[in-house]
Amino acid sequence: MDRSPRPRPHGSGAVRLAALAALLADETRAAFCLALLDGRAWTAGELARYAGVAPSTASEHLGRLVAGGLLAEERQGRHRYVRLVDERAAHLVEELASRTASGEPERPRSLRAASAGSALARGRTCYDHLAGRLGIGITEAMTVRGLLRQDTGFALTEAGLEWFAALGISLDRSGRRPLVRGCLDWTERRPHLAGAAGAALCAHVLEAGWCERVGSGRAVRVTSAGVQALSKALGIDAASLTA
């Protein structure tokens with residue numbers, strides 16, 4: 001009687017999941033995906049410098065990420081630009097990043113790294129919405145004021161829809177993307193506002209000058225105009241917006 005182990009009948013879902021996990025199982029590719037969480041397109045050269053690898057190495061890794069469906073690429077002249085393919089890919093990367101955080105603050109290797117980490121924790125973009133203490137503060141203020149519900153999943157109330165309209169923020173409700181959803185914040189360990197409404201709000205605060213980007217990374221800071229506007233719109237304590 002043959003007692004040799006029989007191969008397990010893995011389905012196509014298991015094959016695809018393993019392939020996706022393999023894409024992020026390399027430190028360089030993972031670094032690329034984390035950098036692209038700022039929602040912008042980067043050139044292959046910029047990502048190579050960011051990760052500290054040779055351009056040829058970066059090109060090879062980017063090819064795998066594009067072929068695997070995590071990144072999309074565009075070519076303009078001799079430049080090759082890449083970005084996360086959509087919000088679902090960004091949510092996957094952010095969610096995985098939150099699960100790898102140990103709960104203990106990582107000791108920065110330099111003063112520059114400490115400053116960058118502090119800025120990201122204070123406020124940043126997570127693909128196309130606000131994260132960090134800024135994103136959490138806005139989300140909690142919206143909930144307290146009855147604009148957003150979190151008790152049965154994220155949902156805008158009628159007052160919330162009117163609030164967006166009063167600010168002149170148009171909400172795209174025609175696509176497949178959810179209007180609102182919670183995205184687990186990897187530094188604060190609480191959900192911040194994502195979805196179409198989160199993206200629209202983030203675009204508004206940047207275009208209105210309420211927030212500005214810090215350097216070329218994901219970090220954002222609230223401007224003096226933003227402190228006044230967010231305090232008025234959501235009753236957020238001014239000191240907490242710059243802490």
Side-chain angles (χ1 to χ4, degrees), residues 37-39 86-88 90-91 93-95 97-99 101 103 117-214 218-243:
L37 279 176
D38 68 358
D86 56 22
E87 191 212 14
R88 291 176 60 195
H91 179 58
V93 174
E94 183 82 3
E95 174 72 13
S98 71
R99 291 183 178 275
S118 177
L120 285 173
R122 184 181 303 115
R124 65 183 182 277
T125 53
C126 173
Y127 188 54
D128 60 1
H129 54 271
L130 296 170
R133 291 195 296 274
L134 174 61
I136 293 294
I138 289 175
T139 301
E140 292 185 344
M142 291 180 67
T143 304
V144 169
R145 294 174 76 87
L147 309 178
L148 178 70
R149 293 187 60 180
Q150 298 189 45
D151 53 346
T152 56
F154 270 51
L156 282 179
T157 64
E158 287 299 322
L161 293 171
E162 293 171 1
W163 181 81
F164 273 93
L167 288 176
I169 302 175
S170 177
L171 297 178
D172 182 8
R173 307 174 70 177
S174 61
R176 297 175 57 186
R177 186 178 189 181
L179 181 61
V180 293
R181 68 167 180 80
C183 180
L184 183 63
D185 197 289
W186 63 267
T187 54
E188 298 299 303
R189 306 298 183 85
R190 288 176 287 172
H192 55 245
L193 177 66
L201 180 59
C202 180
H204 179 79
V205 300
L206 289 171
E207 291 169 3
W210 296 2
C211 289
E212 61 186 7
R213 293 190 181 273
V214 180
R218 297 171 57 195
V220 298
R221 62 183 163 221
V222 182
T223 64
S224 56
V227 169
Q228 296 179 11
L230 290 170
S231 297
K232 179 180 179 180
L234 290 170
I236 303 176
D237 179 62
S240 69
L241 290 170
T242 55

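Quick caveat: nothing in here was measured; it's all calculated off a predicted structure. The figures that follow rest on heavy atoms only: side chains count, while hydrogens, waters and symmetry mates do not.
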### Minimum side-chain heavy-atom gap Gln150-Thr139 below 4.5 Å
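When only atoms from C-beta onward are counted, Thr139 and Gln150 do touch, with a gap below 4.5 Å.
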### Task
Flag the pair Arg218 / Cys126 as yes when at least one side-chain heavy-atom distance between them is below 4.5 Å, and no otherwise.
yes
Rounded to the nearest 0.5 Å, how far does [atom2] of [Y] lie from [atom1] of [X]?
| X | Y | atom1 | atom2 | answer |
| --- | --- | --- | --- | --- |
| Cys183 | Glu95 | SG | CD | 7.5 Å |
| Leu37 | Thr125 | CG | OG1 | 8.0 Å |
| Leu148 | Thr143 | CG | OG1 | 4.0 Å |

### Message
Taking side chain to side chain donor-acceptor pair (under 3.5 Å) as the cut-off, I'd like each qualifying pair that reaches into residues 161-170, sequence neighbours left out, listed once.
### Response
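Counting only pairs at least two positions apart or across chains, no side chain to side chain donor-acceptor pair (under 3.5 Å) contact touches residues 161-170.
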### Message
Tell me the closest heavy-atom pair linking Arg124 and Ala121, and the distance in Å.
### Response
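Minimum heavy-atom contact is NH1-CA, 4.2 Å.
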### Message
Could you report the tightest heavy-atom contact between Val180 and Phe154, atom names first, then the distance?
### Response
CG2-O, 3.5 Å
#### Entry: Evaluation steps, side chain to side chain contact (heavy atoms under 4.5 Å, CB included), between Arg122 and Val222
CA-CA 10 Å; Arg122 184 181 303 115; Val222 182; over 6 Å; no
### Summary
Applying side-chain hydrogen bond (donor to acceptor under 3.5 Å, both in side chains) to His192 and not counting sequence neighbours gives His129, Asp185
### Summary
The side-chain hydrogen bond (donor to acceptor under 3.5 Å, both in side chains) partners of Asp172 (sequence neighbours excluded) come to Ser174
### Query
Residues in side-chain contact (heavy atoms from CB on, under 4.5 Å) with Ala159, at least two apart?
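In terms of side-chain contact (heavy atoms from CB on, under 4.5 Å), with neighbours along the sequence ignored, Ala159 is linked to Leu147, Thr157.
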### Message
Under the rule for side-chain contact (heavy atoms from CB on, under 4.5 Å), what residues qualify as partners of Arg173, not counting sequence neighbours?
### Response
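With sequence neighbours excluded, Arg173 shows a side-chain contact (heavy atoms from CB on, under 4.5 Å) to Leu161, Leu171, Leu179, given in chain and number order.
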Which side-chain N or O atoms in residues 227-235 pair as donor and acceptor under 3.5 Å with protein atoms at least two apart or in another chain?
residue : atom : partner : partner atom : Å
Ser231  : OG   : Val227  : O            : 2.6
Ser231  : OG   : Ile236  : O            : 3.0

#### Entry: salt bridge (charged side-chain N to carboxylate O under 4.0 Å, His left out): pairs with one or both residues in residues 136-155, sequence neighbours excluded
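Sorted result for residues 136-155: Glu140-Arg190, Arg149-Asp151.
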Below 3.5 Å, can you tabulate the donor-acceptor pairs from side chains in residues 193-212 to any protein atom, sequence neighbours excluded?
residue : atom : partner : partner atom : Å
Glu212  : OE2  : Arg221  : NE           : 2.9

